Engineer: 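Below you'll find the structure I mean.
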Amino acid sequence: AQKITQTQPGMFVQEKEAVTLDCTYDTSDPSYGLFWYKQPSSGEMIFLIYQGSYDQQNATEGRYSLNFQKARKSANLVISASQLGDSAMYFCAMREIQGAQKLVFGQGTRLTINP
Amino acid sequence: NAGVTQTPKFRVLKTGQSMTLLCAQDMNHEYMYWYRQDPGMGLRLIHYSVGEGTTAKGEVPDGYNVSRLKKQNFLLGLESAAPSQTSVYFCASTPFPDRANYGYTFGSGTRLTVV
């Protein structure tokens with residue numbers, strides 16, 4: 001069974017600093033996808049970035065980058081130059097490529113950006 | 001606007017009452033999912049569907065039933081609500097996967113309180 005682990009329940013960062021949110025995963029499937037979502041206090045799920053298991057390069061989307069280390073089974077999210085609006089819950093999730101495309105979520109990390 | 005629409009957005013039920021949550025998508029997606037999110041936690045899969053007329057159990061299916069009679073709609077039913085079912089419910093959908101089209105679309109959530 002697939003499993004996602006986020007070991008940081010909460011993080012506090014000064015504005016404009018870079019921040020890394022940790023995510024480790026466990027799967028026996030050779031092919032999978034990894035997602036990061038942001039959930040602000042308003043509650044909606046906002047897609048940030050995606051990494052496929054066979055992608056050669058780490059994914060980047062604006063200020064977001066994914067530090068994908070396949071051998072260590074980690075997919076950490078890096079946010080550069082953090083902003084006050086980055087304060088939110090962040091979820092790492094893994095998609096099974098075969099079958100029903102189910103998305104399995106980690107417990108989340110609450111990020112607070114201090115001015 | 002194209003996307004996933006959940007109704008209702010809020011609901012308060014008394015223990016033992018029944019209700020149905022509706023998820024409607026207009027993107028012709030094959031796969032649909034119901035998740036629940038408890039305070040401070042990640043999303044857990046309740047039930048899912050890989051196409052019209054199909055449903056399957058997820059991680060936490062007890063106390064819920066689902067139906068997908070039409071491709072665009074995925075209904076989640078609570079036959080006899082319990083306080084443990086107090087949660088925020090999210091519906092999500094995704095198309096048949098390919099490398100160019102792998103994302104999930106989430107509804108805005110239904111906040112259910114059972115008293």
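Here the structure is a predicted model, which means the values were calculated and not measured. Numbered from 1 within each chain, the chains take letters A, B, ... in sequence-line order. FYI, side chains are in, hydrogens and waters are out, and symmetry mates aren't considered; it's all heavy atoms of this structure.
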Engineer: If you count every heavy atom of other residues, nucleotides or ligands that lies below 6.0 Å from A:Lys70 atom NZ, does the total exceed 12?
Structural biologist: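 More than 12 within 6.0 Å, yes.
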Engineer: Within the side chain of B:Tyr48, is there an N or O that forms a donor-acceptor pair under 3.5 Å with the backbone of A:Gln101?
Structural biologist: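 No; judged by distance alone, with no hydrogens or angles, the pair does not exist.
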Engineer: Counting neighbours of CZ on A:Arg110 that are heavy atoms of other residues, nucleotides or ligands and sit closer than 6.0 Å, is the number greater than 12?
Structural biologist: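 Incorrect, the count does not exceed 12.
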Engineer: Give, as side chain, backbone, both or neither, the part of B:Leu43 having an atom under 4.5 angstrom from any heavy atom of chain A.
Structural biologist: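 For B:Leu43, heavy atoms of backbone and side chain both lie under 4.5 Å from chain A.
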Engineer: If every non-hydrogen atom of A:Phe91 is compared with every non-hydrogen atom of B:Gln37, which pair is closest and at what distance?
Structural biologist: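 Scanning both residues completely, I find the closest heavy atoms to be CZ-NE2, 3.3 Å.
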Engineer: Check whether more than 12 heavy atoms from other residues, nucleotides or ligands sit under 6.0 Å from atom NZ of A:Lys3, and answer yes or no.
Structural biologist: no
Engineer: Linking I/L/V/M/F/W/Y whenever any side-chain heavy atoms sit under 4.5 Å apart, do B:Met19 and B:Val66 land together?
Structural biologist: yes
Engineer: Please check if atom CD in A:Gln14 has more than 12 non-hydrogen atoms from other residues, nucleotides or ligands closer than 6.0 Å.
Structural biologist: yes
Engineer: Tell me, side chain or backbone of A:Ile4 under 4.5 Å from chain B's heavy atoms, or both, or neither?
Structural biologist: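 Neither part; nothing is under 4.5 Å.
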Engineer: Give a yes or no on whether B:Glu52 atom CD has more than 12 heavy-atom contacts from other residues, nucleotides or ligands under 6.0 Å away.
Structural biologist: yes
Engineer: Is there a donor-acceptor pair closer than 3.5 Å between any side-chain N or O of B:Tyr35 and the backbone N or O of A:Phe105?
Structural biologist: no
Engineer: Among the options A:Gln39, A:Gln6, A:Met89, pick out the one with the most heavy-atom pairs lying under 4.5 Å from chain B.
Structural biologist: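 When all of A:Gln39, A:Gln6, A:Met89 are compared, A:Gln39 has the most.
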Engineer: Quick one, A:Glu44 with B:Phe106, criterion side chain to side chain contact (heavy atoms under 4.5 Å, CB included). Give me CA distance, side-chain angles, the key distance, then yes/no.
Structural biologist: CA-CA 8 Å; A:Glu44 70 269 31; B:Phe106 282 84; over 6 Å; no
Engineer: Do A:Met45 and B:Tyr104 have side chains that get closer than 4.5 Å, going by heavy atoms?
Structural biologist: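 They are not in contact (no side-chain heavy atoms under 4.5 Å apart), so the answer is no.
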